[in-house]
Number of protein chains: 2
Amino acid sequence: MTTAPASASSDSDTRLRLLAAAAEVFAEHGFRAATVRDICTRAEANIAAVHYHFGDKEALYHEVIERAVQAALTAFPPDYGLPPDPTAKDRLHAFVHSFLLRVLTVEKTSVLMRMLTREMVEPTAALDRLVEKVQRPLFRMLHGIVAELSGPHTPPETVLACSQAVVAQCLFYKHAEHVISRMGHRLPATPTEIAHLADQITEFTLGGIERRARASRGDRTS
Amino acid sequence: MTTAPASASSDSDTRLRLLAAAAEVFAEHGFRAATVRDICTRAEANIAAVHYHFGDKEALYHEVIERAVQAALTAFPPDYGLPPDPTAKDRLHAFVHSFLLRVLTVEKTSVLMRMLTREMVEPTAALDRLVEKVQRPLFRMLHGIVAELSGPHTPPETVLACSQAVVAQCLFYKHAEHVISRMGHRLPATPTEIAHLADQITEFTLGGIERRARASRGDRTS
DNA sequence: GAATATTTCAAACGTTCATTTCAATCGACC
DNA sequence: GGTCGATTGAAATGAACGTTTGAAATATTC
């Protein structure tokens, strides 16, 4: 029986090469279309290496996802660049900025994030864990910020919708990247462009929240 | 040689059944994971029927996409429910509302729209035509509306960003539907819910545009 | 340095799938 | 009702893929 992988935390050399290659291939083609052969070729490993080190293709995928999320959140945590004693607006900006950095930075993390994008549209078993471990806590954090910006008398439904609008704006540039480039529009990629986009989205959101909150107070000034 | 399909406009019975079944299966599984066998079974047709009527799986896919877009835009054109002599705000609302109806309505069109969602994340050759024929004209229309709402002195970059924010908010509920439902949030589906969401997005957007336009005029009132 | 465990390797297995083939069937037209 | 083109049917083909196998190579341990 050659089933059992080595101890769970063994990071042999080929094992790491497999993980790196798998991240590339899964991000590029998705879980199903990615082939074990391709991954092993890029990792300069034998076909059987996946079976030996991870058990099967799906277990490899899970570990890649796990590490991807870890890496992205470590590199750009949601309080990225936050000054001490931040205002709610500061926290919104940091949330948006770090979100965009995770999603758009051309380094490793963005390649990894493409996997999550695919998971959202075409879920595998990995999505459930992902939602619970990552997306729910992040959204809860955002929801708190938006609630604070909306003021105390804003109905929860409005706060929810505004929070979703923030996520929507951030994810858009990843979800629609192929359309955006085909339309001839620039896709933010450099730190400067991403920071600028974060400013824009933050401002747009503040305007939206303000107007929605005003409307929910019954104002009709506009 | 049994290659050539009948005349391009022949709508034989099995041909139509194949198109209907293919729309279901492609929407459910995506192009690659969908199997010709599954499609033919659901259409109560023989496996060879796809080859006979369409040539191959990809040609079938293209025709399904073509018809899907046609159907969705016919059912809910971007000026859906627009009053005569509409204001810019009216036109924005109609654009958003029809967009959401195409994307979220639980009837045929939404199933079909799921294919387009997949195309955006995992493009096939069909996306290029789609962008040119559908998305570019629609976006140009939206861009005009947003430009009008922003006022004459708003930089084009801001108008572009605000237009993208609108698309982002509308697409979000389709792109992230699996996450939204896993988070326990309600996904708008009934005409009432969709209309309500359209109101919310329109208001949010107006607030965003207003603030961005104000900022680009150099105001710092806020 | 022999014994043992770990890791790699080439080859093959079994399955799934799109596509093809060719005979059978159907339908319209003379 | 016989003929011919259009359509359907059952079976086969060939390629791609994940997985498995068992031996060879390498590292580890005593």
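Every chain is numbered from 1, with letters handed out A, B, ... down the list of sequences.
What separates CG of L18(B) from P of dA18(C) is a distance of 13 Å, to the nearest Å. Atom NE2 of H51(A) is separated from atom P of dT20(D) by 5 Å (rounded to the nearest Å). Here the C1' atom of nucleotide dA24(C) and the OH atom of Y52(B) are 14 Å apart, to the nearest Å. Rounded to whole Å, the distance from NZ on K57(B) to P on dT16(C) is 16 Å. If you measure from atom CG of L16(B) to atom P of dT7(D), you get 12 Å, rounded to the nearest angstrom. The distance from atom CG of D38(A) to atom C1' of dC17(D) is 12 Å, rounded to the nearest whole Å. Rounded to an integer number of Å, the gap from F31(B) CZ to dA18(C) C1' is 10 Å. One atom, CZ of R15(A), and another, P of dT6(C), lie 15 Å apart when rounded to the nearest Å.
Figure legend: cation-pi geometry between R102(A) and F99(A), with NZ or CZ positioned under 6.0 Å from the six-membered ring centre and within 45° of its axis. Annotation: cation-pi pair R91(A)/F95(A) absent, no NZ/CZ under 6.0 Å from the ring centroid and within 45° of its normal.
When distances are taken from the side chain of A48(A) to each of dT20(C), dA12(C), dA10(C), the shortest belongs to dA10(C).
Looking at heavy-atom distances under 4.0 Å, A34(B) makes contact with sugar-phosphate atoms alone, never a base.
Residues E132(A) and P137(A) share a closest heavy-atom pair of O-CD, 3.3 Å.
Where R32(A) and E44(A) each meet DNA chain C at their nearest nucleotide, the meeting point lying more 5' is that of E44(A).
Counting non-hydrogen atoms of other residues, nucleotides and ligands closer than 6.0 Å to CD of E193(A) gives a total above 12. Counting heavy atoms of neighbouring residues, nucleotides and ligands inside a 6.0 Å radius, atom CZ of R17(B) exceeds 12 of them.
In this structure R140(B) satisfies the salt bridge (Lys or Arg N to Asp or Glu O under 4.0 Å) test with no other residue, sequence neighbours excluded.
Looking only at atom types and distance, the side chain of E157(B) has a donor-acceptor partner in the side chain of H196(A) under 3.5 Å away.
Donor-acceptor pairing under 3.5 Å, judged by distance alone, is present between the side chain of R37(B) and the base of dA18(C).
Residue N46(A) places none of its side-chain N or O atoms closer than 4.0 Å to OP1 or OP2 of dT7(C). Contact annotation: H53(B) side-chain N/O to dT8(D) OP1/OP2 distance is under 4.0 Å. The phosphate of dT8(C) has OP1 or OP2 within less than 4.0 Å of a side-chain N or O from T14(A).
Taking the C1' atoms of five terminal pairs at each end of the helix from dG1(C)-dC30(D) to dC30(C)-dG1(D), the two resulting helix axes are inclined by 10°, rounded to 10°.
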